[in-house]
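The block underneath contains the structure these notes are about, expressed in structure tokens.
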Amino acid sequence: MSEAIPGAAPPRGLRPSRANPHTGSGTHRRADGTSVTVPRSWWWWVAAAVAVGACLYLHWEISRSAIAPRTPWDEIHPLETARYLAGDHEVLPLSGAGYYPGWALILAPLWWFTDDPERLYQLAVLIGNVLAVATIAPLTLLARRMGLPVAPALTVSALALCLPGRTVLADYALSEQVILFVLAWTVLAMHALWRRPTVRARWCSCSAWRPATSRTPASWPWWPPPGCGWR
């Protein structure tokens with residue numbers, strides 16, 4: 001293992017092995033100055049492509065079984081609330097009219113283009129899965145901040161979204177995909193604030209914190225995260 005060099009630049013990810021550049025391995029320098037041998041970059045890019053492809057395929061395949069809403073609170077109520085927000089005030093009153101208003105706000109414009117419940121449900125499932133797969137982006141950026149090179153970070157992030165706890169949601173029009181998407185960006189913004197507490201970082205973390213942690217949009221302006229004081 002190599003020793004830490006005082007004043008050295010922070011780790012920059014995967015670096016070619018100086019000892020044997022043709023062995024199919026490379027050297028990754030950790031934050032503490034130690035080095036570990038890892039597969040060369042192109043192996044990781046192959047793994048990343050496979051992981052992302054698997055994530056896309058699993059969400060698409062599982063979503064094919066989504067035919068109609070099956071949960072009254074988690075699916076039907078947000079869809080009907082979205083219909084009401086879109087301007088159709090003839091919707092029957094629901095006991096959970098305030099359930100997941102953020103997800104309903106996202107779905108509301110869909111009612112402007114179609115009044116077919118089956119088609120709208122399919123579009124809602126599609127939006128949820130697009131956001132689920134798009135969560136790879138903030139997770140990759142977060143893994144990069146933890147010290148992983150780009151390709152390994154992308155691989156790990158895609159594989160995390162292939163786990164049953166995430167793919168089981170692919171055939172539902174639930175708000176969980178949106179919640180994880182916003183939460184991942186929130187954690188990334190908070191980490192940026194912790195690493196470099198500039199005015200811009202404070203503004204980004206505050207903006208991401210409110211919708212990710214509060215239950216209703218009306219409470220967003222009154223829910224400042226810790227460390228959002230302006231100096």
Side-chain angles (χ1 to χ4, degrees), residues 45-86 94 96 98-144 150-189 207-208 211-217:
W45 283 112
V46 171
V50 172
V52 173
C55 184
L56 289 169
Y57 173 76
L58 286 173
H59 281 82
W60 170 77
E61 179 63 27
I62 295 174
S63 68
R64 296 175 62 189
S65 61
I67 300 175
R70 285 151 288 173
T71 60
W73 286 89
D74 296 74
E75 290 187 293
I76 296 177
H77 284 196
L79 289 170
E80 288 296 276
T81 302
R83 183 179 176 184
Y84 181 87
L85 294 174
L94 300 171
Y99 205 63
Y100 292 147
W103 182 223
L105 285 171
I106 296 175
L107 298 179
L110 297 179
W111 287 104
W112 299 340
F113 301 99
T114 180
D115 57 359
D116 182 0
E118 181 178 359
R119 180 171 179 79
L120 187 133
Y121 181 69
Q122 297 294 331
L123 290 174
V125 172
L126 176 62
I127 291 175
N129 285 319
V130 168
L131 291 175
V133 176
T135 307
I136 292 176
L139 291 182
T140 300
L141 294 175
L142 188 60
R144 290 283 293 132
V150 177
L154 182 59
T155 304
V156 171
S157 301
L159 289 177
L161 296 175
C162 290
L163 296 175
R166 303 312 310 170
T167 56
V168 72
L169 305 173
D171 63 342
Y172 290 90
L174 301 175
S175 65
E176 274 74 4
Q177 291 97 327
V178 183
I179 291 174
L180 182 62
F181 180 76
V182 175
L183 181 61
W185 284 110
T186 302
V187 173
L188 186 65
S207 301
T213 57
S214 55
R215 300 189 63 178
T216 61

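None of the values given here were measured: they were computed from a predicted structure.
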Leu79 versus Tyr121, closest heavy-atom pair with distance: CD1-CD1, 3.9 Å

Closest heavy-atom pair and its distance - Ala184, Leu139: CB-CD2, 4.1 Å

Exercise: identify the closest heavy-atom pair between Ala124 and Leu110: N-CD1, 4.1 Å

Atom pair CD1 (Ile106) and CG (Leu85), whose distance is rounded to the nearest 0.5 Å: 12.0 Å

Flag, side chain of Thr135 to backbone of Leu131, donor-acceptor distance under 3.5 Å: yes

Ser157: partners by side-chain hydrogen bond (donor to acceptor under 3.5 Å, both in side chains), with sequence neighbours left out: Thr140

Ring geometry between His77 and Trp73 (parallel below 30°, tilted from 30 to 60°, perpendicular above 60°): tilted

Rounded distance (nearest 0.5 Å) linking atom OG1 of Thr186 with atom CG of Leu180: 10.5 Å

Heavy-atom check, side chain of Ile62 versus side chain of Val168, under 4.5 Å: no

Contact check, side chains of Cys162 and Arg166, non-hydrogen atoms, under 4.5 Å: no

Flag, side chain of Trp103 to backbone of Glu75, donor-acceptor distance under 3.5 Å: no

Closest approach of Glu118 to Ile67 (non-hydrogen atoms, all atoms of both residues): CG-O, 4.5 Å

Backbone N/O of Pro138 and side chain of Trp185: donor-acceptor pair under 3.5 Å: no

Short side-chain to backbone donor-acceptor contact, Glu61 and Tyr57, under 3.5 Å: no

Show which side-chain atoms of residues 170-178 pair as donor or acceptor with protein atoms under 3.5 Å away, not counting sequence neighbours.
{"residue": "Asp171", "atom": "OD2", "partner": "Ser65", "partner atom": "OG", "Å": "3.0"}
{"residue": "Asp171", "atom": "OD2", "partner": "Arg70", "partner atom": "NH1", "Å": "3.4"}
{"residue": "Gln177", "atom": "NE2", "partner": "Leu169", "partner atom": "O", "Å": "2.9"}

Separation between CG of Asp116 and CG of Leu123, rounded to the nearest 0.5 Å: 9.5 Å

Interatomic distance, Asn129 atom CG to Leu58 atom CG [nearest 0.5 angstrom]: 11.0 Å

Side chains of Trp45 and Leu154 in contact at under 4.5 Å (non-hydrogen atoms): yes

Residue pair Val133 / Leu161, side-chain heavy-atom distance below 4.5 Å: no

